[in-house]
Amino acid sequence: MTAPAYKRIMLKLSGEALMGDDSYGINRATIERIVAEVAEVVRMGVQVGVVIGGGNIFRGVAPGAVGMDRATADYMGMLATVMNALALQDAMRCIGLQSRVQTALAIEAVAEPYIRGKAIRYLEEGKVVIFGAGTGNPFFTTDTAAALRGMEVGAEIVLKATKVDGVYTDDPKTNPDAMRYQQLSFDEAIMRNLKVMDATALALCRDQKMPLAVFSIFKAGALKRVVMGEDEGTKVYC
Ligand SMILES: Nc1ncnc2c1ncn2[C@@H]1O[C@H](COP(=O)(O)OP(=O)(O)O)[C@@H](O)[C@H]1O
Ligand SMILES: O=c1ccn([C@@H]2O[C@H](COP(=O)(O)OP(=O)(O)O)[C@@H](O)[C@H]2O)c(=O)[nH]1
């Protein structure tokens with residue numbers, strides 16, 4: 001069997017994608033399927049960190065947050081990611097996949113705090129580390145948290161599992177003529193304002209030379225194919 005292309009990855013799981021076909025919250029079948037795919041790459045010997053989003057529960061820039069103080073709304077969004085982290089950990093426990101949740105906001109009774117050295121140790125032990133509460137700061141996103149934590153723990157690539165199957169020339173949800181890139185550079189993604197990931201996250205990856213792969217969370221086997229270095233989604237390079 002060919003070896004995986006990466007030893008350590010940072011996987012960003014979209015909060016919104018956890019809804020599956022529901023209109024909000026966490027869809028059980030969706031989370032179970034995602035966890036099974038993560039387990040498959042862990043069994044291949046890949047060390048996996050996961051940054052989970054929160055858009056299925058709360059987004060600081062959502063209509064429901066209109067009129068709210070932005071920082072307050074963002075803290076609510078970060079707390080939402082902690083709920084998703086716990087749900088994800090529980091789904092992993094159900095299939096015997098060992099994981100730890102670390103959170104950027106102190107909620108001692110619920111999860112341990114983010115401690116870089118400890119996170120690296122867990123990864124070395126083959127445990128999945130789920131990073132909750134994003135960066136711990138308002139005005140950021142969990143995409144930026146994935147880039148940041150990926151760099152901190154020495155991941156070789158950030159994998160963004162999202163609703164679309166790659167980076168397009170324009171938003172494919174609104175422009176049916178948009179074409180998918182097989183690969184493109186960070187400079188091009190930033191210059192063309194391709195909003196598949198926020199500019200802060202893209203700039204951080206570019207500056208630290210952290211490659212990024214964007215692929216569909218709904219496509220069965222896509223995670224494994226990216227990890228094997230196969231042609232899947234879009235690769236953004238430095
Ligand atoms: N150029 C583009 N290529 C791909 N997707 C894009 C592009 N521009 C905007 N999008 C939109 O970005 C969304 C993914 O980003 P985001 O909202 O951050 O999702 P996530 O929930 O994964 O964090 C897609 O659903 C897509 O509609
Ligand atoms: O470092 C962070 C990460 C997240 N958030 C808040 O948490 C929400 C949920 O995260 P995100 O939108 O990135 O989740 P996803 O797009 O994956 O559903 C964001 O809208 C922000 O309000 C934040 O303030 N700082």
Side-chain angles (χ1 to χ4, degrees), residues 10-20 24-27 30-31 34 50-66 68-85 87-88 102-105 114 130-150 152 158-184 186 188-202 204 212-219 222-223 233-236:
M10 186 58 65
L11 175 64
K12 157 68 207 296
L13 289 181
S14 156
E16 253 178 48
L18 284 185
M19 297 190 297
Y24 70 96
I26 302 159
N27 178 277
T30 305
I31 201 168
I34 291 166
V50 179
V51 169
I52 181 95
N56 54 322
I57 300 173
F58 197 82
R59 215 184 264 282
V61 290
V66 168
M68 267 185 92
D69 169 57
R70 170 70 194 265
T72 303
D74 280 345
Y75 279 112
M76 291 172 71
M78 285 185 263
L79 291 174
T81 73
V82 177
M83 288 199 242
N84 282 336
L88 193 63
Q102 290 199 343
T103 150
L105 292 176
Y114 169 63
I130 305 165
F131 298 94
T135 64
N137 301 291
F139 307 106
F140 286 93
T141 64
T142 50
D143 283 354
T144 301
L148 177 66
R149 294 290 184 247
E152 287 189 80
V158 172
L159 308 183
K160 174 165 166 134
T162 186
K163 288 155 278 179
V164 286
D165 63 351
V167 184
Y168 282 72
T169 48
D170 193 8
D171 188 344
K173 290 249 161 79
T174 52
N175 181 356
D177 297 327
M179 309 262 284
R180 183 164 59 87
Y181 291 95
Q182 198 175 26
Q183 54 171 22
L184 84 161
F186 281 107
E188 206 177 339
I190 294 167
M191 202 178 63
R192 289 176 184 259
N193 201 18
L194 301 173
K195 294 199 177 97
V196 69
M197 206 171 183
D198 65 276
T200 310
L202 287 174
L204 195 57
L212 162 75
V214 179
F215 63 98
S216 170
I217 202 168
F218 303 118
K219 199 166 163 189
L223 172 64
T234 300
K235 181 109 180 266
V236 192

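Positions are given from 1, in the same order as the sequence printed here. This is a predicted model, so every value here is computed, not measured. Remember, it's 1-based here, ligands and their atoms both numbered in the order they're listed.
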Legend entry - Per-atom contacts of ligand 1 with Lys160, taking only distances under 4.0 Å to non-hydrogen atoms: 15 (O), 16 (P), 18 (O), 19 (O), 20 (P), 22 (O), 23 (O)

Inset, instruction - Number the atoms of ligand 1 from 1 as they appear, then name those within less than 4.0 Å of a heavy atom of Leu194, with their elements. - result: 1 (N)

Inset, instruction - Identify, by atom number and element, the atoms of ligand 1 in contact range of Thr162, meaning under 4.0 Å from any of its heavy atoms. - result: 14 (C), 19 (O), 20 (P), 22 (O)

Legend entry - Nearest neighbour in protein (non-hydrogen) for atom 1 (N) of ligand 1: Tyr168 O, 2.7 Å

Legend entry - Identified side-chain contact (heavy atoms from CB on, under 4.5 Å) counterpart of Ile217 within the set Leu223, Val164, Ile34, Leu11: Ile34

Legend entry - Test item: protein heavy atom less than 4.0 Å from atom 13 (C) of ligand 1: no

Legend entry - Sequence neighbours excluded - salt bridge (Lys or Arg N to Asp or Glu O under 4.0 Å) pairs with any residue from residues 68-77: Arg70-Asp74

Inset, instruction - Mark the output for Lys12 as yes if a heavy-atom distance to ligand 1 is under 4.0 Å, and as no if none is. - result: yes

Legend entry - Asp170 side chain vs Asp177 backbone, donor-acceptor pair below 3.5 Å: no

Legend entry - Option set Val196, Leu184, Asn193, criterion heavy-atom distance to atom 15 (O) of ligand 1, minimum: Val196

Legend entry - Mode of Asp143 contact toward ligand 1 - side chain, backbone, both, neither (heavy atoms, under 4.0 Å): side chain

Legend entry - Lys12 with Asp143: basic N within carboxylate O range, under 4.0 Å: yes

Legend entry - Tyr181 six-ring face occupied by Arg192 cation (under 6.0 Å, within 45°): no

What are the polar N/O contacts of ligand 2 with the protein below 3.5 Å, with distances?
residue: ligand 2; atom: 1 (O); partner: Thr135; partner atom: N; Å: 2.7
residue: ligand 2; atom: 1 (O); partner: Thr135; partner atom: OG1; Å: 2.7
residue: ligand 2; atom: 5 (N); partner: Phe140; partner atom: O; Å: 3.4
residue: ligand 2; atom: 12 (O); partner: Arg59; partner atom: NH1; Å: 2.7
residue: ligand 2; atom: 13 (O); partner: Thr142; partner atom: N; Å: 2.9
residue: ligand 2; atom: 13 (O); partner: Thr142; partner atom: OG1; Å: 2.5
residue: ligand 2; atom: 14 (O); partner: Gly54; partner atom: N; Å: 3.0
residue: ligand 2; atom: 14 (O); partner: Thr142; partner atom: OG1; Å: 3.3
residue: ligand 2; atom: 16 (O); partner: Arg59; partner atom: NH1; Å: 2.9
residue: ligand 2; atom: 16 (O); partner: Arg59; partner atom: NH2; Å: 3.3
residue: ligand 2; atom: 17 (O); partner: Lys12; partner atom: NZ; Å: 2.9
residue: ligand 2; atom: 17 (O); partner: Gly15; partner atom: N; Å: 3.1
residue: ligand 2; atom: 18 (O); partner: Gly15; partner atom: N; Å: 3.2
residue: ligand 2; atom: 18 (O); partner: Glu16; partner atom: N; Å: 3.4
residue: ligand 2; atom: 18 (O); partner: Gly55; partner atom: N; Å: 2.7
residue: ligand 2; atom: 18 (O); partner: Arg59; partner atom: NH2; Å: 3.4
residue: ligand 2; atom: 20 (O); partner: Gly60; partner atom: N; Å: 3.3
residue: ligand 2; atom: 22 (O); partner: Gly60; partner atom: N; Å: 3.0
residue: ligand 2; atom: 22 (O); partner: Asp74; partner atom: OD1; Å: 2.6
residue: ligand 2; atom: 25 (N); partner: Asn137; partner atom: O; Å: 2.7
residue: ligand 2; atom: 25 (N); partner: Phe140; partner atom: O; Å: 3.1

Inset, instruction - Could you say whether the N/O atoms of Glu16 and ligand 1 ever approach to under 3.5 Å? - result: no

Legend entry - Main-chain N/O of Thr234 paired to Arg180 side chain as donor or acceptor, under 3.5 Å: no

Inset, instruction - Name the closest protein heavy atom to atom 21 (O) of ligand 1, giving the residue it belongs to and the distance to 0.1 Å. - result: Ser14 OG, 2.8 Å

Legend entry - Least distance between heavy atoms, Met78 atom then Asn137 atom: CE-C, 3.5 Å

Legend entry - Minimum-distance protein heavy atom relative to atom 7 (C) of ligand 1: Asp171 CA, 3.7 Å

Inset, instruction - For atom 17 (O) of ligand 1, find the nearest protein heavy atom and state the residue, atom name and distance (0.1 Å precision). - result: Lys163 NZ, 3.9 Å

Inset, instruction - Answer yes if the side chains of Tyr168 and Asp165 hold a donor-acceptor pair under 3.5 Å, and no otherwise. - result: yes

Inset, instruction - Between Ala161, Ala146, Ser216, Pro172, flag the one that comes closest to atom 5 (N) of ligand 1 by a heavy atom. - result: Pro172

Legend entry - Set of side-chain contact (heavy atoms from CB on, under 4.5 Å) partners for Lys163, sequence neighbours left out: Ser14, Glu16, Lys173, Phe218

Inset, instruction - Go through the structure and list residues passing side-chain contact (heavy atoms from CB on, under 4.5 Å) with Ala80, not counting sequence neighbours. - result: Ile57, Phe58

Inset, instruction - Determine whether any heavy atom of Gly166 lies closer than 4.0 Å to an atom of ligand 1. - result: yes

Legend entry - Over 12 non-hydrogen atoms of neighbours within 6.0 angstrom of CD in Gln182: no

Inset, instruction - Quick one: pull up CG in Leu204 and CZ in Phe186 and give me the separation to the nearest 0.5 Å. - result: 9.5 Å

Inset, instruction - Determine yes or no for a side-chain-to-main-chain donor-acceptor pair under 3.5 angstrom, with Thr141 supplying the side chain and Thr144 the backbone. - result: yes

Legend entry - ligand 1 atoms in contact with Lys173 (distance to a heavy atom under 4.0 Å): 25 (O), 27 (O)

